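I have placed the structure first, in the form of structure tokens, so that the comments after it can refer back to it.
Any value given below was found using the heavy atoms of this structure, including those in side chains, with hydrogens, waters and symmetry copies removed. On a predicted model such as this, the values are computed, not experimentally measured, just so you know. Proteins get letters first, then strands, A, B, ... in listed order; numbering begins at 1 in each.
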Protein chains: 2
Amino acid sequence: MAKKKTTTSATPFIDALRVGEGFVLADADTRSTPAFTGDKVQGKEALVAADDELDTLQEQLFAMSRTGDTRRRLLLVIQGMDTSGKGGIMRHVVGSVDPQGVSITAFKKPTAEERKHPFLWRIRKALPEPGIIGVFDRSHYEDVLVVRVHDLVPPQQWARRYSTINDFEKDLVDDEVTVIKVMMHISPQEQKERLAERLARPDKHWKFNPGDLDERQHWAAYQEAYQVALDRCSPAHAPWFVVPADRKWYARLAVQQLLLEHLRALDLTWPTADFDVAEQTARLEQMR
Amino acid sequence: MAKKKTTTSATPFIDALRVGEGFVLADADTRSTPAFTGDKVQGKEALVAADDELDTLQEQLFAMSRTGDTRRRLLLVIQGMDTSGKGGIMRHVVGSVDPQGVSITAFKKPTAEERKHPFLWRIRKALPEPGIIGVFDRSHYEDVLVVRVHDLVPPQQWARRYSTINDFEKDLVDDEVTVIKVMMHISPQEQKERLAERLARPDKHWKFNPGDLDERQHWAAYQEAYQVALDRCSPAHAPWFVVPADRKWYARLAVQQLLLEHLRALDLTWPTADFDVAEQTARLEQMR
């Protein structure tokens, strides 16, 4: 914990990574480590050091929902290019939380059934219950990213979606959902290395698809689509956070700390018993 | 690993814990540690030591399902009296697996909607997809346990359910579901201590409910209901495993090892690439 204090700067990750007015994605350094001054070893230590606090806050959130003390829940949205490390976030950050308090949904290419409905239909179905940390591996933003890059629907249709998304997220926030939107930001060079590793290792072949290289050729169009989404869908109540992700250890620490800082702000506590503790203790003692 | 070899006996946990002909629940020692000769420290070490293998097998199962090489999935059913440690299994055993490959469903008192349907309706809806380890925190067995103890439906109705369950599980097994049913077996003395701890600790009060003490008074009836379920629903293709659970460290190790032994039996491997690796590597290299 002492080590963490010397390496985590005074700036919260929330402030260092929040997308504000005039943010330019192309200018963000994918190898930088905002709000953290330590190296990889210290970063990994800081990740482990924060586990207990994250555990406690998550359990308090869960407990307060069970006793009816809160309807609050979190929605962590993870977006990023192929190989940006979304899976690693699921495994190493989300995976460190009690699985009973977490709900992960991975949004793939919409099914035939899903395509019959408005694009938010499958999203709404996957929203977390009170007390739960919901995690979206990809999300409704795909409907203004891949859909825009490939014109999967007419432009006038995807163009309307930015304001639809803003209205939707405003409703969520008003309904006690803490929305945390994270873009895992890698460089094309880093992606090339990661794809090369998937091709070099037989135990990683299943993660590779020749289509990944086709998509890579649209890199610039994707970055542009991300820039527009960041510009148009980052209101103060549900801002984007852009996490430099060329260094996996940093990206994991950053997402963990974003979760933690949002949880801390909720003033969580252990619920007070709604029964007479002394009475129940006496009753239990009398039992065989 | 060396330590593990010296403390895990030659008997697989599957054989040591499987419910066979003539099994008597009342005779099972809730503090014993079948198939393991080590102490608590060694047990905790063995749990950690097996993490990597569990990780790899789970990822292979997941990978093979993604490439269409298998439809296999696991269903781990966890039953037990209040405080028997079901939550600890979710947190410490299931929680050590990549959350993207796991799906936990906790079955509470049926909702009004659920009560309108046959008792297996909500169970079927929660079955794992191919490649996934599904985990049930309580299950369809509640419908012959709490329902039987309190006669929540007429006896002739719950009496029919044993064969309905057997048919259902047979269909699952025929459909490439590996069914692993675990009863966490504690003594009433151990439950008393664990309830007392919940009452003594303000951070545990939310887990306590005065109704837990009412339920405790039906201990004998529950044990009888479990005995009948074990007698009637333990065919060779989907047997019960009774895990002595007074020692939390042992119960966690046992459930992990049961999972592991079942996964090992599936002959999992990394899927072979369905694309030309050299060709794709050359293509990637030519990209900027």
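Heavy-atom minimum distance, B/L284 versus A/K192: O-CE, 3.3 Å. Of all non-hydrogen atoms in A/M287 and B/L213, the two that sit nearest each other are CE-O, 3.0 Å. When all heavy atoms of A/P202 and B/W270 are compared, the closest pair comes out as O-CB, 4.2 Å. Minimum heavy-atom separation, A/P99 to B/G95: CG-CA, 3.7 Å.
B/A106 does not touch chain A: none of its heavy atoms, backbone or side chain, sits under 4.5 Å away. Proximity to chain B (any heavy atom under 4.5 Å) is shown, for A/D212, by neither the backbone nor the side chain. Both the backbone and the side chain of B/L195 come within contact range of chain A, with heavy atoms under 4.5 Å apart. The contact between A/R91 and chain B is made by backbone and side chain atoms together, counting heavy-atom distances below 4.5 Å. Neither the backbone nor the side chain of A/E279 has a heavy atom closer than 4.5 Å to any heavy atom of chain B. Of the atoms belonging to B/D69, not a single heavy atom falls under 4.5 Å from chain A.
In terms of heavy-atom pairs under 4.5 Å with chain B, the best-connected choice from A/A196, A/G101, A/A273, A/A63 is A/A63. Chain B forms more heavy-atom pairs under 4.5 Å with one residue of A/D203, A/T281, A/D274 than with any other, namely A/D203. Among the candidates A/M90, A/K204, A/Q280, A/H205, the residue making the largest number of heavy-atom pairs closer than 4.5 Å to chain B is A/Q280. Note: A/R288 leads A/R66, A/R288, A/K207 in heavy-atom pairs under 4.5 Å with chain B.
Distance check, rounded to the nearest 0.5 Å: CD of A/E285 to CG of B/L199 gives 9.5 Å.
Between B/F275 and A/F208, the ring planes lie tilted relative to each other; the angle falls in the 30° to 60° range.
Side chains of A/D98 and B/H92 form no contact here, defined as non-hydrogen atoms less than 4.5 Å apart.
Taking a 6.0 Å sphere around CD of A/E129, one finds it holds 12 or fewer heavy atoms contributed by other residues, nucleotides or ligands.
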(request) Run the numbers on B/Q60 and A/W206 for side chain to side chain contact (heavy atoms under 4.5 Å, CB included), then give the verdict. (result) CA-CA 9 Å; B/Q60 286 178 332; A/W206 69 276; over 6 Å; no
List, one per line, each side-chain donor-acceptor pair under 3.5 Å for residues 184-191 of chain B, sequence neighbours excluded.
| unit_1 | atom_1 | unit_2 | atom_2 | d |
| --- | --- | --- | --- | --- |
| B/H185 | NE2 | B/L25 | O | 3.4 |
| B/S187 | OG | B/E190 | N | 3.1 |
| B/S187 | OG | B/D246 | OD2 | 3.0 |
| B/E190 | OE2 | B/R194 | NE | 2.8 |
| B/E190 | OE2 | B/R194 | NH2 | 3.2 |
| B/Q191 | OE1 | B/R216 | NH1 | 3.0 |
| B/Q191 | NE2 | B/D82 | O | 3.0 |

